[in-house]
Asks: 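Submitted below is the structure of interest, expressed as structure tokens.
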There are 2 protein chains.
Amino acid sequence: MVPCPTDGKPLVALVVVIFTVENRSLQVLLIRRSAPPFQGFWALPGGVFGGHEALGEAATRRLVEETGLQDVYLEQLYTFSELDPHLPAVAVTYFALVNHTQARLQQRRRWRPAWHAVSSLPDLAFNNRAIIDYALTRLRYKLEYTNVAYSLLPDTFTLSELQRVYESILGRSLDKRNFRKWILARRIVQLTGATRSEGAHRPARLYAFTSREPVIL
Amino acid sequence: MVPCPTDGKPLVALVVVIFTVENRSLQVLLIRRSAPPFQGFWALPGGVFGGHEALGEAATRRLVEETGLQDVYLEQLYTFSELDPHLPAVAVTYFALVNHTQARLQQRRRWRPAWHAVSSLPDLAFNNRAIIDYALTRLRYKLEYTNVAYSLLPDTFTLSELQRVYESILGRSLDKRNFRKWILARRIVQLTGATRSEGAHRPARLYAFTSREPVIL
DNA sequence: CCAAAAGTGTTCGGCTTACACCCATGT
DNA sequence: ACATGGGTGTAAGCCGAACACTTTTGG
């Protein structure tokens with residue numbers, strides 16, 4: 001990469017880590033880079049930030065572009081520097097949580113964006129692996145004291161589905177009775193009254209999040 | 001190739017919130033702005049980030065410049081945008097914790113940097129008030145699950161001194177017995193064996209931090 | 001002997017953890 | 001009737017919160 005000789009300003013890149021949980025697996029959205037550096041590598045979606053809007057708006061725009069989803073949980077993560085020894089740049093990173101059944105990924109591109117299991121990522125461009133690790137750490141903490149999981153689930157869901165989401169992110173199994181007591185005590189979710197029959201077993205009661213805005217407990 | 005425009009890049013500003021506790025009062029280091037915008041207003045120390053080093057290094061350099069101190073706790077806070085409607089810029093903010101008895105503030109300048117009680121701040125430039133509020137919130141949380149207070153205190157100190165630091169930051173008084181039990185149970189500090197006689201009362205035992213590196217408990 | 005800050009234990013309630021069986025349904 | 005996931009309670013230990021008096025010293 002050639003440095004920019006005409007001005008001393010670093011480039012401001014915007015990077016978004018988009019998580020989803022599908023089938024007991026935490027996944028992250030990756031695209032293929034079509035230009036150097038790291039051409040052909042998988043990378044997090046992002047772009048250059050022009051500075052004429054709020055960072056959060058630019059990140060939201062990128063998120064809508066990739067998933068078609070609005071009103072999802074989005075939070076600034078960290079700002080990285082020294083991405084490339086020859087390119088003065090900073091990367092402002094965000095992470096988002098989306099419901100994969102509602103996401104509509106871009107189909108047009110040469111290399112279509114795709115979900116990748118966080119547990120088995122390919123080699124990534126720049127420091128993208130470190131960014132994902134950082135996002136995952138933050139997400140694991142946030143699960144414990146916020147309701148952000150709302151952004152990963154549909155409007156109604158069973159407690160078992162919710163528990164599987166928690167387990168997929170935390171990477172360990174949870175006790176069913178304790179999980180239910182815990183989540184109900186915090187009033188994160190409430191009964192809807194509806195149930196869902198899904199197979200040769202007792203139907204599950206459906207719950208909804210008390211709030212679909214971020215709440216710190 | 002990443003485009004290399006001669007303009008269109010936002011400015012990357014670096015801002016440092018430097019906290020100290022002196023005499024039961026949480027204070028922050030402010031300087032007077034000598035140029036527009038906000039000329040004459042108090043503001044947080046900072047500067048323009050060139051991009052040819054790590055952000056943390058640039059922040060450390062600024063911190064040394066203002067206080068003469070090295071090896072203090074420094075952490076990235078948040079990256080703000082839309083500071084000024086006419087100036088495309090982002091501000092990457094850090095916060096630091098220093099011991100005021102060791103800090104040597106700049107004396108050369110027209111408007112000398114000075115400590116200001118966080119509880120009674122003057123009007124500040126840009127969004128600096130919001131940055132300080134954000135830093136304070138983060139600091140209050142960090143006190144509860146890390147040892148970062150080490151950076152505010154000298155090598156040895158009494159538990160009463162430590163408690164006053166916690167109380168000054170949290171903005172409420174703590175129970176002496178519970179505070180001691182709590183801090184000792186977490187092994188944040190340990191007895192040195194020395195004591196200090198300071199007046200017409202029983203001498204205090206001196207403690208030291210178990211680690212002077214950041215530790216998450 | 002008095003003033004001042006240092007130092008110290010116990011009780012209670014609530015939260016977390018571990019743990020095993022019955023329920024409702026479809027086939 | 002049986003296989004499948006849904007749904008439930010209790011006991012033990014740990015932690016945080018409330019609360020008041022004795023100790024050691026200097027003047």
Side-chain angles (χ1 to χ4, degrees), chain A residues 21-25 140-147 149 153-154 156-208 216-217, chain B residues 21 23-24 140-147 149 153-154 156-208 216-217:
Chain A
V21 175
E22 176 177 8
N23 188 30
R24 299 178 189 233
S25 161
R140 283 177 172 160
Y141 283 120
K142 286 248 155 177
L143 272 193
E144 313 266 350
Y145 67 93
T146 70
N147 68 339
L153 286 148
T156 66
F157 48 87
T158 70
L159 286 191
S160 294
E161 285 169 342
L162 181 58
Q163 183 176 344
R164 281 194 287 272
V165 166
Y166 272 73
E167 288 175 335
S168 304
I169 295 171
L170 297 176
R172 59 193 167 95
S173 59
L174 304 171
D175 180 86
K176 190 178 8 174
R177 283 169 292 189
N178 291 339
F179 177 76
R180 285 151 115 91
K181 258 181 296 180
W182 180 82
I183 203 112
L184 293 172
R186 302 196 175 207
R187 313 277 183 100
I188 290 178
V189 297
Q190 55 196 191
L191 269 173
T192 61
T195 60
R196 182 203 291 160
S197 299
E198 236 185 334
H201 55 83
R202 179 170 174 174
R205 301 210 259 187
L206 291 174
Y207 288 78
I216 298 172
L217 306 175
Chain B
V21 174
N23 188 32
R24 299 178 189 236
R140 283 178 172 161
Y141 283 120
K142 287 249 156 177
L143 272 193
E144 313 266 352
Y145 67 94
T146 70
N147 67 341
L153 285 148
T156 65
F157 49 86
T158 69
L159 285 191
S160 295
E161 285 169 342
L162 180 59
Q163 184 176 344
R164 282 195 286 273
V165 166
Y166 272 73
E167 288 174 336
S168 303
I169 294 170
L170 297 176
R172 60 193 165 92
S173 58
L174 303 172
D175 179 84
K176 187 173 18 170
R177 284 169 291 188
N178 291 339
F179 177 77
R180 286 162 181 250
K181 259 180 298 180
W182 181 82
I183 204 112
L184 294 172
R186 302 198 174 206
R187 313 276 183 99
I188 291 179
V189 298
Q190 55 196 189
L191 269 172
T192 62
T195 60
R196 183 202 291 161
S197 299
E198 237 185 335
H201 55 83
R202 179 170 174 172
R205 300 208 259 187
L206 291 175
Y207 288 77
I216 297 172
L217 305 175

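In what follows, every chain begins at residue 1, and chains take the letters A, B, ... in the order their sequences are listed. Predicted, not measured: the structure shown is a model, and the values here were computed from it.
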Asks: Could a donor-acceptor pair under 3.5 angstrom be found where the side chain of K181(A) meets the base of dT10(D)?
Replies: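 By the distance-only test, yes, there is a pair.
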
Asks: Would you tell me if any nitrogen or oxygen in the side chain of S197(B) comes within less than 4.0 Å of OP1 or OP2 on dT25(D)?
Replies: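 So the side chain of S197(B) is outside the cut-off, no N or O lying under 4.0 Å from OP1 or OP2 of dT25(D).
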
Asks: Any side-chain to backbone donor/acceptor pair from Q163(B) onto L174(B)? Under 3.5 Å, distance only.
Replies: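 Yes, the answer is positive, given that a donor and an acceptor are paired below the 3.5 Å cut-off.
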
Asks: Would you say dG7(C) has OP1 or OP2 under 4.0 Å from some side-chain N or O of R180(B)?
Replies: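 For dG7(C), OP1 or OP2 has a side-chain N or O of R180(B) closer than 4.0 Å.
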
Asks: Just to confirm, is there a sub-4.0 Å distance from OP1 or OP2 of dG6(D) to any side-chain nitrogen or oxygen of S160(A)?
Replies: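 True: S160(A) side-chain N/O within range (under 4.0 Å) of dG6(D) OP1/OP2.
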
Asks: What is the distance from CG of N178(B) to P of dC12(C), rounded to the nearest Å?
Replies: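 The distance from CG of N178(B) to P of dC12(C) comes to 16 Å, rounded to the nearest Å.
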
Asks: Provide, to the nearest angstrom, the distance between the CD atom belonging to E161(A) and the P atom belonging to dG5(D).
Replies: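 Spelled out: CD on E161(A) to P on dG5(D) is 13 Å.
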
Asks: Using atom CG of D175(B) as one end and atom C1' of dT8(C) as the other, report the distance to the nearest whole Å.
Replies: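 Atom-to-atom, D175(B) to dT8(C), this comes out as 11 Å.
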
Asks: Please tell me which of A200(A) and P203(B) maps to the more 5' nucleotide of DNA chain D, matching each residue to the nucleotide holding its nearest heavy atom.
Replies: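 Taking each residue's closest nucleotide, the earlier one in sequence belongs to A200(A).
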
Asks: Without decimals, in angstroms, what is the distance between K176(B) NZ and dG9(C) C1'?
Replies: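 Result: 14 Å.
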
Asks: Nearest-Å distance, CD (E198(A)) to P (dA24(C))?
Replies: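 That distance rounds to 18 Å.
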
Asks: Within less than 4.0 Å of OP1 or OP2 of dT8(D), is there a side-chain N or O belonging to R205(A)?
Replies: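 R205(A) to dT8(D) OP1/OP2: side-chain N or O found under 4.0 Å.
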
Asks: Does any N or O in the side chain of E198(A) come within less than 3.5 Å of the main-chain N or O of P203(A), such that one atom is a donor and the other an acceptor?
Replies: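 A pair under 3.5 Å: no.
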
Asks: Please answer whether the main-chain N or O of A208(B) pairs with a side-chain N or O of T192(B) as donor and acceptor at a distance below 3.5 Å.
Replies: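 Pair absent, no side-chain N/O of T192(B) close to backbone of A208(B).
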
Asks: Can you tell me whether the side chain of R177(A) and the base of dA20(C) have a donor-acceptor pair closer than 3.5 Å?
Replies: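 Answer is yes: a donor-acceptor pair is held.
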
Asks: Do the side chains of E161(B) and R196(B) get close enough for a salt bridge, i.e. N-O under 4.0 angstrom?
Replies: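 Between R196(B) and E161(B) there is a salt bridge, with a charged N closer than 4.0 Å to a carboxylate O.
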
Asks: So which of K142(B), R164(B), R140(B) actually passes side chain to side chain contact (heavy atoms under 4.5 Å, CB included) with I169(B)?
Replies: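 Among the candidates, only R140(B) passes.
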
Asks: Atom CG of L191(A) and atom C1' of dT8(D): how far apart are they, to the nearest Å?
Replies: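 My rounded result for the distance is 14 Å.
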
Asks: Report yes if a side-chain nitrogen or oxygen of R186(B) is closer than 4.0 Å to either non-bridging phosphate oxygen (OP1 or OP2) of dG16(D); otherwise report no.
Replies: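 For dG16(D), OP1/OP2 do have a side-chain N/O of R186(B) under 4.0 Å.
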
Asks: Starting from C1' on dG5(D), measure out to NE2 on H201(A) and report it in whole angstrom.
Replies: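 Answer to the nearest Å: 5 Å.
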
Asks: Can you check the R196(B) CZ to dG26(D) C1' distance for me, whole Å?
Replies: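 Those two atoms, CZ and C1', are 17 Å apart.
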
